[in-house]
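FYI, side chains are in, hydrogens and waters are out, and symmetry mates aren't considered; it's all heavy atoms of this structure. Each chain gets a letter, A, B and so on, in the order its sequence line appears, and its residues count up from 1.
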Amino acid sequence: MADDEEGPGAPSPTEVQERVLRYWEATGVPARAYGGRPDGPIFRFTDGPPGVNGPPHLGHTEPGTLKDVQLRYRRMRGDRIVSAKAGWDCHGLPVEIAIEKKHGLKSKREIEAFGVEAFCEECRATALDYATVWREMARRQGYWLDYDRPYRTMDAPYIESVWWALKTLFDRGLLEKGHYVLPYCPRCETTLSSHEVAQGYREASDPSVTVRFPLEDAPRDLLVWTTTPWTLPANLLVVAHPDREYAVVRRPEGRDVVLASDALPRYFPEGAEVVARLTGRELAGAAYRPPFSAAGPGPGRYRVVLDGFVSATEGTGLVHCAPSFGPDDYRIGAREKVGVFDPLDSRGVFGEAVGIVRGRSFKAADPILLHDLAARGLVVRSETLRHTYPFCWRCDHALLYRAIDSWFVRTSRITDALVRHNRATRWIPPYLRDGRFGNFLTEAKDWALSRSRYWGTPLPVWVCAEGHPTCVGSFAELAERSGAPLPPGFDPHRVTVDRIVLPCATCGAPSRREPYTIDVWFDSGSAPFAQYHYPFEPGPFDPAAPLDYVSEAIDQTRGWFYTLLVIATAIFDRPAFRVSLTHEFLLEETGRKMSKSKGQVLEPLALLDRFGGDAIRWLFLSQDFTAPIRVGPTTLEKAGHRTLGTLRNVVAFHLENAAADRLPPAGSAPAPDARLDRWLLSRLEATREDVTAALEAYDPRPAATALRELVDDLSTWYVRRSRPRFWAPADRPDRRAAHATLSYTLAEVARLFAPLAPFTAEWVFQEVRGTRFEDAEASVHLAGWPARGAERDRTLEAGMAELRALVEVGRELRQRAGVRSRIPLAELVLFGEASAELEGLGAEGLELLGDELHVKRVIRVPAAARANYPEAAWAVREEGGRPIAAISRTPSPELLEEGLAREVARRLQQARKELGLRYLDRIRVTVSAPGALGAALRARRSSLASDLLAEPFEIVAEPLEPGPDVRSWDIDGTRVSARIVRAVPTDPRAGAGP
RNA sequence: GGGCCCGUAGCUUAGUUUGGCUGGAGCACCCGGCUGAUAACCGGGAGGUCGUCGGUUCAAAUCCGACCGGGCCCA
C-alpha cells in the first residue's frame, strides 16, 4: 500500500483476488496447506469425484465452497486431512456417448464394428478432457485440494480396489445374478439402476387408452386401461383386485362391459344400466381373448388373476399384465407361472413376432397398434395423458422397464443395517436423515449393478458353461487362476480382460468373463478406500472409521451419499460418514432452474473473474443454502459488498492511517485501557466463540452471520467513534492503543474469515501485518485458528449496546427538534436510573453520547418532573407514558456560530477529497466569509488550519474573484467562498498535469 | 396416491425447536441528517390478512388439525 501507484481506498475484489493468487502460487502456500498438519488428529474427508468429460457450470461451485470452508477450518485447527485429494470420475456412459457422437456411432453394433478396444482407448483419452477447466474453477473459487495427484476411477489400482470390494460382496452372498424387471435404456442398450432413473424423471405425454378384452365364455368384455399400448402384444394376464366390486354394464353400442364399480363414474354417465355386480374373486379364472396373438398359447395364460396392487384411483380396476415389462407384472407372471414374452430386441425394436409393428421402436408402435385395435372395435376410449416418465439421465431417451439378466447388489438384504447406520449419521438439514434419505433406504431395492457397456470397471466375474460364477478379487488372483502372469502394465479394462479365460472355481470348466461393466456409482462409492488402493497398499484408510464429513447437492441422496452408505454397510458394517451437509440447487436470477441442457448457462469462469471467488462463496454462505439460492450477475455484484467490501475499506483506512505515522503492526494481543478498545476486543472474542462453534458444528451459516455483525460494529461504531484518536499525534498513548487494537483485531478477523472468504482474509492478513505477500509462512491459512482471547466483558458489551440505542433515541430527538447534528446543542437529559451495564461505562459513556450527538452536556436526572421540560424548549422522548430522554431545542448564538464554522470546515474537507488529496497533503486556503461567520472562523483559525493542514489559512471579508480554484457555497443564507490550492504536489505526474 | 420441505413487506430474509414485550433487519422507494476509509452510516416515513380456516391457551408467526399454493423425491 505504500506504493504511490495505488491510490487511497480499498482495492477491488478482483485486485485482491489476483494479488492473493499470485502470492499463493509464487510461494506455494496451497501445497503446504492441502493435507493439514501431518501429526494432527485425522479428519476424514473424500471429495466426491465429478465426471469431467464436460465443462462445469456455476452450480458446481456450491458444494466446493461448503467443503472448502470446513477443510480450511480443520487445517487451521491443526487437523490432518485424509484425504485432500481431488478425484475424477472417469467411467461410464457420459464418456461413451461423447465418443459415439464424435464418430457418429448409433448403436452398440456400430461400436463393436468400430472396435471395442479402440473405442475404450478414446474414452480413456477424453475422460479428463475438461479436468483443467474444473481445476481452474476450483482455483478461482479458492477450493483447495491436491489437484496434482488426483485419484482417478479408471486407474488400474483403483479398479483393483473396486474388484476387492466386489469380491467381498460376492463372498458374502451380496453379489448375485438375477432376472428381474429393470429400467432399461434402448439407446444405450443397457440397464440402469434405480438411483440413475431417479435423476431422469420428467413430464411427458403418453396415450391413455381403455381397451376391450372379450371374455371367452360370456358375452362380456373386460375393460382394461393402459398408458403403454406397445406392451399389449406381450399381454399374458389381466389382474383384478380380490375384494373390490366389479360391475357388468349394459352398453347400447355393443357387448356388456366389466369394470370396477368405483371406476363407473369415470367412464359412464350416471344411470348407466348395471346388470350384475360381482367381486374380483368371482372374476378370477375367467378366460379372455388377448388383443394380439403374438405371444401364442401357454399354460395359464389369458385369464383373470387376483392381486392387491390394483389401483383404486386410476383406470378400470382391471390391469393388463405383461410380465416382461413391469415389476408387478413380472411378480404376478412368475407366481402364475405363465412365462414371459418379450417381442423387443436389445434396441427396443419389435421383431417378427408382432408383424404389424415389425422394425418399429417401442414407442413408435403405439399409434399403429391403437389403429389396429380401433379397426377391430376394441378401443373404448383413447386420450393423451401428461405424467412424469423416466428418461435416460445421460442420453435423454425414454426408458422402458423390462425383464432382463443382471448382476445385483442385494441391498434389500441389508436394509436394517442401512437404516441403523444412517441413524448414526448427522444430516444438515436434519430432516433429510429420516425424510428423503431415510425413506429411500427403507424402500431400498436391489442395486442393479451390471451394465451392458464398454467403458467402465469390468465386472470381475467369470462364468462356465454350467453357469457357476467365479469372482476375482485382485490382479494377483486373476493371474493365479488363469495360470499365466498378467502382461506388464496390465490394464483391466475391456477388451484385454475379456480375453482371459479361467477354470471354473466350482467345476474347473473354462469360464469366460461376464461381458458387463459396473455402474459408475459403485466406482465413486468406493472412493474412500479405492483412492488408496486399499487393501493392497498401506495407507491411512481405516476400515472401521467413517468419513467425518461429506457435502454435496441434494440429488446425491440418491447418488453418491447412497452408494457410499451401501458400500460402507455391506463391506465395513459401519456408517459411511458422520456428517453430511447437503445443499439445494442454484436457481437462475429469474428463479428458474439452472439447466445444463438448455444453454443459457452462466459461465462460471467468467463470473469468478468478474466478481472474485469470495463473492460467490459469500453468496452461498450468508444465505440458507438448504433452500434454493438465486445466482446471477446482479446477485453476485451485491453479494460480497456489504460485509467483504466494508472490511476491505476498514483495512484501507487503517493502513493509510498507520502509514501516515509509520506505526508498526501490532504484535501480541494488546491490553488497552480505553473502553472502546476493550469493547472491540470483547466483541472479537464473542465472534471467535460464535464462529468456532458454528464451524465445529459444520454449519457455516451462523459463522457468516457473526462475522457480518462484527464487521458492522467495527466499521460503524469502533472506527467511527475512534476517529479523533486516530488523528491524534503518533506519540500519544491513546493513538497507539487505538492503532494496536485495530491492527490486532483486523489480523484476528482475517483468521476468522479465512475459511469462508480465503482471498479477502489473506489480503487483510498480509496487509495488516505488513508481510507484503512474500513468505508462505506468513499466510493466514497457515496461521492456525485463533486461540481464546481476552476474557469477554459482557457488561461492557451490553452497556455499549444500550448506549448505541440511546444514540438512536438522541438522533430521533434531534430530528424532532429540527436542528442538524452539525450545530451543537446545549444539553441532553436522560431520565431515571441508569442500568448497571450503562453505569459501567461511567462518565466516558455520557461523554461518548454527547460527542456522537454533538451535545455539549449530557446529564442524568433520576426523578424527573415532566413539567420542567416544556415542549417549547425541549424535545422529549416518552416510553410507556414516562419520559426517557430530552434534548434542548434551541442553540445559543455561540453554538450556532460554532456549527457554522464546522460546516465550513466540512466543506473544505470535502473539497480536499474532491481534489484527490491524501492525508498529509498540504493546502493553501483563502476563505471569504462576511460578518459573524467570518468572526467565528477567525476565532478558530489556528485549530481549523491544523485540522485542514492548511497553511496559510486566510479569512477575508470581501468576496473572492471566481476562478478554477474557487468554490463557493450558501450556508444558511450566508455566501461563503474559498480558494483552495495544493501547496506541494505529492505525485510528480499530477504536478505535471493540466 | 405416498413421503419430505417451504409459504413472514415489492425483493432477500430473522424470529418457529422451548408460545409472552410494539413481528426485527437488509435492498429498493420518499423526506431529513452525518461523513478527512466506505457503492458506508444514522433518524423518520411508507410498505405485513406472518398462505387460508378452525382448534388449544390468559396469550399463537410460533403448538395441533384441515385446506390452499409452491418445490423436491417416490409410486
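- Nucleotide A37(B) holds its P atom 19 Å from the CG atom of Asp713(A), rounded to whole Å.
- Rounded to a whole angstrom, the distance from the C1' atom of U17(B) to that of U62(B) is 10 Å.
- Across G3(B), A37(B), C5(B), the shortest atom-to-atom separation from the side chain of Tyr431(A) is found for C5(B).
- Across all strands shown, G7(B) forms a Watson-Crick or G-U wobble pair with C68(B), both key distances being under 3.5 Å.
- Remark: Glu898(A) engages Lys856(A) in a salt bridge, criterion side-chain N to carboxylate O under 4.0 Å.
- Nucleotides G48(B) and U8(B) place their C1' atoms 7 Å apart, quoted to the nearest Å.
- A ring-centre distance under 6.0 Å is found for Trp618(A) and Phe753(A).
- No side-chain donor from either of Trp874(A) and Ser888(A) sits under 3.5 Å from a side-chain acceptor of the other.
- Within 4.0 Å of Ser715(A), counting heavy atoms only, lies at least one base atom of the nucleic acid.
- In this structure, CG of Leu644(A) is placed 15 Å from P of A40(B), rounded to the nearest angstrom.
- A66(B) and C27(B): their P atoms are spaced 41 Å apart (whole Å).
- As rounded to the nearest Å, G10(B) and C30(B) have C1' atoms that lie 15 Å from one another.
- Counting any heavy atom pair closer than 4.0 Å across all strands shown, Arg723(A) reaches a base atom.
- Between Glu709(A) atom CD and G26(B) atom P there is a gap of 12 Å when expressed in whole angstrom units.
- Ring geometry for Phe653(A) versus Phe726(A): interplanar angle over 60°, hence perpendicular rather than tilted (30 to 60°).
- With a 3.5 Å ceiling on both atom-pair distances, the Watson-Crick or G-U wobble partner of C63(B) is G55(B).
- A straight line from CG of Asp712(A) to P of U38(B) spans 17 Å, rounded to a whole angstrom.
- Positionally, the nearest nucleotide of RNA chain B for Asp434(A) lies more toward the 5' end than for the other of Ile823(A) and Asp434(A).
- G3(B) and C41(B) have their P atoms separated by 47 Å, given to the nearest Å.
- Nucleotides C63(B) and U16(B), compared at atom P, are 9 Å apart to the nearest Å.
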Audit row: Arg804(A), Asp713(A), salt bridge (Lys or Arg N to Asp or Glu O under 4.0 Å) steps and yes/no: CA-CA 11 Å; Arg804(A) 293 174 73 177; Asp713(A) 283 351; 2.9 Å; yes
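- In this structure, the CZ atom of Phe440(A) is 12 Å from the P atom of C73(B), given to the nearest Å.
- Residue Arg811(A) contributes atom CZ, which lies 7 Å from atom C1' of C34(B) at whole-angstrom precision.
- Taking atom C1' on both nucleotides, C50(B) is separated from G24(B) by 13 Å, rounded to a whole Å.
- Donor-acceptor pairing under 3.5 Å is lacking for the side chains of Asn657(A) and Trp727(A).
- Residue-level contact check: Arg907(A) touches neither bases nor backbone, having no heavy atom under 4.0 Å from any strand.
- Between the CZ atom of Arg902(A) and the P atom of G33(B) there is a distance of 15 Å, rounded to whole Å.
- Dashed line: the shortest gap from a side-chain N or O of Arg433(A) to OP1 or OP2 of C4(B) is not under 4.0 Å.
- No contact: Val807(A) has no heavy atom under 4.0 Å from any strand.
- Comparing Asn439(A) and Thr716(A) along RNA chain B, the residue whose closest nucleotide (by nearest heavy atom) sits nearer the 5' end is Asn439(A).
- Following rounding to the nearest Å, Leu655(A) (CG) and A37(B) (C1') show an atom-to-atom distance of 10 Å.
- In a base pair of the Watson-Crick type (N1 to N3 plus N6-O4 or O6-N4) or a G-U wobble (N1-O2 and O6-N3), with each distance short of 3.5 Å, G1(B) is matched with C74(B).
- Look at Arg723(A) and Asp851(A) and you find no salt bridge, because none of the NZ, NE, NH1 or NH2 atoms lies under 4.0 Å from a carboxylate O.
- Within 4.0 Å (heavy atoms only), Arg906(A) reaches at least one base atom of the nucleic acid.
- Rounded to whole Å, the P atom of C29(B) lies 16 Å from the corresponding atom of A39(B).
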